[in-house]
Structures are given as C-alpha cells and as structure tokens.
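Naming: A, B, ... by sequence-line order, numbering from 1 per chain.
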Protein chains: 2
Amino acid sequence: MKQVAERAGVHVSTVSRALNPETRSMVVPESVARVMKAAEELGYRLDPVAASLRTGRSKLVGILVPDIATNVFTPILTGATERLSEHGYSVIVAYVGGDSNKQLDLAQGLIARRVDGLIVATASRDDPLVTFCIERGVPSVLVNRAEKETRLSGVVSDDLLGAQLAVDHLVELGHSRIAHLGGPREHSTGYLRHRGFIHALAANGLDAASAPTEFAETYTREQGAAAARRLLSAHPGITAIVAANDLLALGAYDVIREAGLNCPRDISIVGHNDMPLVDMVEPPLTTIRISHKEMGRQAADLLEQAIETLDRPARNVVLPPKLIVRGSTGAPRKGAGRKSAKAGGTNRAASVSNEV
Amino acid sequence: MKQVAERAGVHVSTVSRALNPETRSMVVPESVARVMKAAEELGYRLDPVAASLRTGRSKLVGILVPDIATNVFTPILTGATERLSEHGYSVIVAYVGGDSNKQLDLAQGLIARRVDGLIVATASRDDPLVTFCIERGVPSVLVNRAEKETRLSGVVSDDLLGAQLAVDHLVELGHSRIAHLGGPREHSTGYLRHRGFIHALAANGLDAASAPTEFAETYTREQGAAAARRLLSAHPGITAIVAANDLLALGAYDVIREAGLNCPRDISIVGHNDMPLVDMVEPPLTTIRISHKEMGRQAADLLEQAIETLDRPARNVVLPPKLIVRGSTGAPRKGAGRKSAKAGGTNRAASVSNEV
DNA sequence: CTGAAAGCGCTAACAT
DNA sequence: ATGTTAGCGCTTTCAG
C-alpha cells in the first residue's frame, strides 16, 4: 500500500480511502484515478485480513447447515451464496450435527473469524443457538426452519398452507381416510405441516382428532419407511398419505411396494418440497413445491439488512408453496371411502394462524 | 490476551506460546496450566484474524465448485468440509460459472483472504486456473475432474474403468449395438468415459470406430435428452446406451418414453455416478457408483499434505468405481443383435492407459 | 524457558 | 481533501 501511495504521489490513508468504495467520495476524483492506476500497475489489492483486524468487519458470512445434507439445503446454500457474493461477501459453510454444544462451538468459531453475520438453516423451534446469536449480538437470520417465537428474522415456506394444499387436493379426489406421515416436531417444518394437516382435515369436515398419524424421527427415506410401516399396520384402511417431506414419501413408496400395494390405486401419496428427480420416480410424486433457492436469496437479503441496520425488528418472510400434481395421487379405490367428507371442498381453513 | 497474561502472571508472549499447540512445548507445563486456566476463566479465545495477519496463514481453505450444483458436488463438499474441520480448518465455498476470468478473480479473492489452500472441483482438462494456482504458489488439489497433465495432485474416480464396466455389462447381456451418450469433452470425466467406452468396445471385438456417439454440452437432463434424441434419430437400431452421467441417462429416459419405446426392453441404459434417487426412478437405473464423499475426504487429505510440505510432487488418487445393476439394463430385444460380439466377454481392456 | 519489542497491513480519529 | 498517528491482537525474532 505504501508503494501504491508513493507511485500515486499521495499518502497511504488517501490510498485506503480511494480504494474503499464506502470512503471513496472523500477523495477528489483525480486522486482516485491516480491511485487506481498505480494499484492496477502494481497488481495491488487490499488485504481483507488486515482490514478485518482493524475494523472488526470481514465481509464474511457463516452459514450453518445440517450435516445430513439433504437436497433442500443445497439450493438454499447456492441461492444465499450467489446473492451474498454479488455484494462482496464470501461464505463459510459449517455442517452441523445435532449436538447443541458443538453447534455453539462452531458458531463461536465463526464469530471468532469475525463473520459479519450468520445464516442458520438448522434451527429447532426453540433453539439455544438462536439465544446465543442474540446474546452475542451477531446479526443472524433463519432459513427454512423458524422458531416458535420470532426472535430472529427468517425466510420460510408457508408450511401450514402447504399441508392444507395437500389435504384439499386429496379431499377433492374423494379421499376421506387420510393419514399423516409427519416430520420431526422439534422443527417448524414438521410441526407446522402436521398442524396444517389437522386444520385442513377439520375444515373439510373430516375427523381431525382421530386422523392416523405417525412421525418420523428424521427426514430420511429410512425413517419415512419405518413410520409408514407403523401407519399401515395400525390403519390398514387409509387411502391416502400426506407426507411432511419428499424423502418420507419415498420411504412410504418402499413400504407400499413391499406390502404388495399400488400407489396411487390403493394409496395416494403427497410429498413436500418437490426436490429434484421426484418427477421421475414411479409413480411421479405429487408434492408441494418450495423454491429453496429463492429462500436462500431472500435470507441473504434479510441478513444484509440485519448487518446494515442493527436492532432491526425481526421479520418473517413467508414464501407461498405450490401444489404440483403428478401420478402419486388419484381417486380412492372403490369401497374404501367409508367416512364421508363434506361435499367436495376446498374449504381452506383460512383463519388458521401461521404461528410456529 | 494481555488480561490473560496478567491473570496468569506471565508475559503475553508466553500466553501466545502456551495457547498455540505448535509452540506449547516451549513453555513449562505449569505455566501452560496457569495460562489455560486464566483463559478459561475469562472466556478468552485466540483471535484467528490477528493471528492470520501476523503469520500469513489462516486455517481457511477455499473450494471452487461449479455453480450448477449438481448432486455430485454436494457430497464432495460435505466430505471435504468434514475432514478439514476435524483439523481446524474452515471452508469458504465459491460457486463458479464457466467464465474463466471470473474464476481467476474468485480464486484471487480467496487468496487475498489468505486461504491456506484451494480445492478445485471445476477443472477442465487444461485449465488456466490451475496455471494460476501454480504460479501463485497456493497449495491446491483437484477433485472429481483432473487435467490432461498431472500438474496438481487430485482425487478422481477411474472414469475409464467405469465406462468399461458399463460396456462389459451390456456385452454380457448380449448387446452389440451400443451407443455412447457422452459428456463435455473438455472435462476429464466426459473425455475419459468416452475413451473407456471406445476401448471396451474394441476389447470386446466390437467396431469401436463407428460406434454411435453424441455428446451433451453440459451434464443436465435437458442436454442429455437433446443428445439422446440425436442419437436415436441417427441410429434407430441401437439396443443400449452408455451415458457419461446419470442426469444424461435420465434425459435419455425422457426421450425413450416420448418415442414410445420401453427401457430396458427396447433400449438398455447405464448411467454414471449413482446419485441419490436413481434407484427409485422407473426403471431403476443401472449405473456406475462413485463415492463422492470419499473423494471429498481424500481431496482434503491431499490438500493438508500439500499445505504441510510444499513442493510435494503431484500425485493422483484414483478411486475404483463399481457397477450397480438395476432395472434399466436387460438382454437386447430379439432380432436386434445383428452384429456379433466375441463370445461372452469380460475382456476388459486391461492395458488401456488412464492418461487423461 | 520467558520477557521485550517490533510489526503484519490496514483504517479512523484527529489535525491541518 | 489530505496527511499524521495510533493501534486492531497476535507471533516471533532476539535477549536474557
């Protein structure tokens, strides 16, 4: 930097100001030009490490993703990274497991590296990590999963609505014995999709209280299969399953196949996420589409805002999901629909709150 | 740090030495203990930014992945990140597009952040980025894709062998009119899998020179479909396709379906990668399995070695792929096999060099 | 084995 | 609008 200053015939501090977009306006354009030229000629670039040491800022953002990198977190990551890098940020990824202490440690480490903010894709409905972020005063946003209470801004899909869309679709097809293949309830996705399922059932005049339901412990095909097995053995009469997630739905496929049943003839299935390739499985999966990449982008936006103006009130961005009808849903098999639903209803439970 | 020094009754430099595992041996154990205790009590942690400014090292590794994040790069990323974080490294991901100048810029930026090394998952067979890394003296390794010449260490799958496995399998089933649905030839994967295809054909006594071949421009389902369409219209007589990648194979599925044909009855297909869910598509895809996560891990190992001892000679780790037989391959339809192959052959072309 | 002191490269008061 | 100066928090010679 000293060399550049010499070559441009100015002081180092002028070089610093000229090279930094934020302070460039303090320098007369002519000097800026000379500095730029000198820097160019010497192949000089500002040292972000030194700058970071001095300013405490780093143009670095940490992102915490579950280590069981399912397909949904990849587009979130790319969406966020893309958007962030447009604004000069780099992204440090940390894959975190379930251990809460390790999570705090990792966050700690990122903070030590002076990240300007954190994107948390791992939040449970009441997460110590969030408490930690708030206490430490690190600008942070949630993505995909929200907390019970909105302590931090975040971007999520309207999971309640998504599940309702699924139920409404099934009811329209004539189903009334609809079961739920739920996700982990400590995550907002599992919790809300279950609630959406219940409410939609009620709104359609079906018995929500006794609706067959089993929860998978994790969002995996294996756990989905295990839960689906429990569901089918306890309630052989069901004609449709609303799954909290595509992977769970595919687990149900495995079970249905192994039971010698046919989807959708014997049982219809709706997934959630519309992850890549579920249009190619057999039968093509009817599911709820969520734009995870867009979630990532918006989380990036939210984080940048949080970084720029601290203590900005927490705000939840809720993205609308969309029903994608494919081959895994159809009319119930004859003689199956013993419980009768109220006449063909898209009676969405409009008043259900979206509180996590 | 000064506070810790005071509290422990030693000088800051002693604190520094005590806290850093590499220099801890210079300090008498008793002092170390006192320092540790004081640090603990104050909740003090070393500042990596300041350390980085001083030492030039950062415990940060950059990884360059293609921005069209297909499924294969996610496990590479997680594998590498896991292994690296075990050794105290954090990972900065950069999603890079095709523009070579932008790639250099991104690498430049990572270097400015003082990354200790770079993992490059984007290399073409002769990549200016590699030249750049070498010139700048940044420890770097390649992963998944290698260069024509081994200028840098790397981890790849044995792509030549993979393609041969695919052809041998098809020949064993009785196919002789086998086509290749190739990948981009500027990448080692596309190039080598094509060569493996050719050599295996020859080794099995089939006419390699005139084997129907079409190349997709990118590894996408769409480009796969386009190339498969060209293949089928130019060579309606083929009974099997060896695809350079699962996505391409799925593109071929689309085309076969739209042509009213059936896989595997009319045409058998073999993919490459064994990415998630291809066992669930219809028909389940026969493919070549590669452990991308393991590739990521080994790339991490190689990079750590390169960081520890500079100017270590470049070394290629070649992982063995494995044929996974599923439902997309079967015997050719009757009357299709007009060309005759040499008797039932697993005549692998053992002597084919693996040079990229 | 430990203390002293210099300085990594930059930025932000403050002064002019 | 620009120059001066004092560190950011650490590591690492060099002395002792």
Query - Close residues, residues 30-51 of chain A, relative to DNA chain C [heavy-atom separation under 4.0 Å] - result: A:Y44, A:R45, A:L46, A:D47, A:A50, A:A51
Query raised in the report: What's the closest nucleotide to the A:T55 side chain, out of C:dA12, D:dG9, C:dG3?
Result: C:dA12
Requested in this report: Estimate the overall bend of the helix from C:dC1-D:dG16 to C:dT16-D:dA1 from the end axes over five pairs each, rounded to 10 degrees.
Outcome: 30°
Query raised in the report: Taking B:Q103 for the side chain and B:V96 for the main chain, is one N or O donor matched with an acceptor at less than 3.5 Å?
Result: no
Requested in this report: For DNA chain C, determine which residues of residues 13-23 of chain B have any heavy atom closer than 4.0 angstrom to one of its atoms, and list them numerically.
Outcome: B:S13, B:T14, B:R17
Requested in this report: Round to the nearest Å and state the distance from B:M26 atom CE to C:dG3 atom C1'.
Outcome: 14 Å
Query raised in the report: If you take all heavy atoms of B:A146 and B:S188, which pair is closest and at what distance?
Result: N-OG, 2.9 Å
Query raised in the report: How close or far is atom C1' of D:dT5 from atom CE of A:M1, stated in whole angstroms?
Result: 13 Å
Report summary line: Separation of C:dG9 atom C1' from B:L53 atom CG, nearest Å, is 6 Å
Query - Side chains of A:Q108 and A:R136 in contact at under 4.5 Å (non-hydrogen atoms) - result: yes
Query raised in the report: Does CE in B:M26 sit with more than 12 non-hydrogen atoms of other residues, nucleotides or ligands closer than 6.0 Å?
Result: no
Report summary line: When rounded to whole Å, the CD to P distance for the pair A:Q3 and C:dG9 reads 10 Å
Query raised in the report: If you round to the nearest 0.5 Å, how far is CG of B:L84 from CZ of B:R297?
Result: 13.0 Å
Query raised in the report: Does atom CD of B:Q3 have more than 12 heavy-atom neighbours, drawn from other residues, nucleotides or ligands, at distances under 6.0 Å?
Result: no
Requested in this report: Using atom CZ of A:R57 as one end and atom P of C:dT11 as the other, report the distance to the nearest whole Å.
Outcome: 9 Å
Query raised in the report: Would A:E6 and A:K2 pass as an ion pair if we require N to O under 4.0 Å?
Result: no
Query - B:R145 and B:P66, any side-chain heavy atoms less than 4.5 Å apart - result: yes
Query raised in the report: Below 4.0 angstrom from OP1 or OP2 of C:dA5, is there any side-chain N or O of B:R54?
Result: no
Requested in this report: If a pair satisfies salt bridge (charged side-chain N to carboxylate O under 4.0 Å, His left out) and one of its residues is in residues 74-89 of chain A, list it, with sequence neighbours excluded.
Outcome: A:E82-A:K293, A:R83-A:E86, A:R83-A:D301
Query - Any pair counted as salt bridge (charged side-chain N to carboxylate O under 4.0 Å, His left out), so long as it reaches residues 31-53 of chain A, sequence neighbours left out - result: A:R7-A:E41, A:E30-A:R34, A:K37-A:E41, A:D47-B:R114
Query - Interatomic distance where NE2 belongs to B:H11 and P belongs to D:dC10 [whole Å] - result: 13 Å
Report summary line: Contacts satisfying salt bridge (charged side-chain N to carboxylate O under 4.0 Å, His left out) that involve residues 92-111 of chain B (not counting sequence neighbours) are none
Requested in this report: Using atom CZ of A:R113 as one end and atom P of D:dG9 as the other, report the distance to the nearest whole Å.
Outcome: 17 Å
